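Everything numeric in this text was worked out from a predicted model, so none of it was measured.
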Amino acid sequence: MGTTGLTVRITHPFHPLKGQTFDMIGRSPHWGDDRVIYRAPDGTLPTIAAAMTDMEQPDAFRRVAAGRAAFRTVDLLDLLTLLDRVSAPVEVEDA
């Protein structure tokens, strides 16, 4: 059992481990995100975004969408910005 005595269940609908529960070891910020540290069956201590687990209540969008929308508008706009940036032509200087 983990050091906290708590378990964490992965709830994100597209995560490959959705529905599985793990012993929670801790919770801390990693990579600019609130993350849960858990003990995997192989003994490693991976992390997952707390928002993808039952440690946080679903955000307002997910509650209202009730499974009818896979993506939030703000996430789609962020994706569009990223795609625009990666597809922009790269200027190369002549040597």
Side-chain angles (χ1 to χ4, degrees):
M1 181 187 256
T3 58
T4 63
L6 297 174
T7 58
V8 61
R9 183 170 45 89
I10 298 178
T11 58
H12 191 277
F14 302 120
H15 195 283
L17 300 176
K18 180 184 187 259
Q20 293 186 33
T21 58
F22 301 94
D23 291 329
M24 181 177 144
I25 301 302
R27 187 173 178 171
S28 64
H30 292 279
W31 306 305
D33 202 7
D34 180 22
R35 301 190 67 86
V36 173
I37 305 161
Y38 64 94
R39 185 173 310 281
D42 64 1
T44 59
L45 301 175
T47 68
I48 186 171
M52 294 182 152
T53 71
D54 60 353
M55 297 303 293
E56 286 193 2
Q57 293 295 318
D59 64 17
F61 173 83
R62 294 199 193 286
R63 282 193 307 274
V64 172
R68 295 182 301 257
F71 304 101
R72 300 180 310 164
T73 304
V74 67
D75 295 331
L76 292 173
L77 291 172
D78 286 346
L79 177 61
L80 178 62
T81 301
L82 177 64
L83 292 174
D84 283 344
R85 197 173 18 193
V86 230
S87 64
V90 177
E91 292 186 27
V92 179
E93 290 184 25
D94 290 333

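The OG1 atom of Thr7 lies 8.5 Å from the CE atom of Met55; values are rounded to the nearest 0.5 Å.
When the side chain to side chain donor-acceptor pair (under 3.5 Å) test is applied to His30, the partners found at least two apart in sequence or on another chain are Ser28. Partners of Leu77 according to the side chain to side chain contact (heavy atoms under 4.5 Å, CB included) rule, which considers only residues two or more places apart in sequence or in another chain, are Thr73. Residues passing the salt bridge (Lys or Arg N to Asp or Glu O under 4.0 Å) test with Asp34 are Arg27, sequence neighbours excluded.
Through side-chain heavy atoms spaced under 4.5 Å, either directly or across other Ile, Leu, Val, Met, Phe, Trp or Tyr residues, Val74 is tied to no other residue. Leu79 belongs to a hydrophobic cluster whose other members, connected by ILVMFWY side-chain contacts under 4.5 Å either directly or through intermediates, are Leu83.
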From CA spacing to verdict: side chain to side chain contact (heavy atoms under 4.5 Å, CB included), Ile48, Phe22: CA-CA 11 Å; Ile48 186 171; Phe22 301 94; over 6 Å; no

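Taking both residues in full, the closest heavy atoms of Arg39 and Ile25 are given as NH2-CD1, 3.6 Å, listed atom of the first, atom of the second, then distance.
Pairs of residues two or more places apart, or lying in two chains, that qualify as side-chain hydrogen bond (donor to acceptor under 3.5 Å, both in side chains) and include a residue from residues 44-55 are Arg35-Thr47, Asp42-Thr44.
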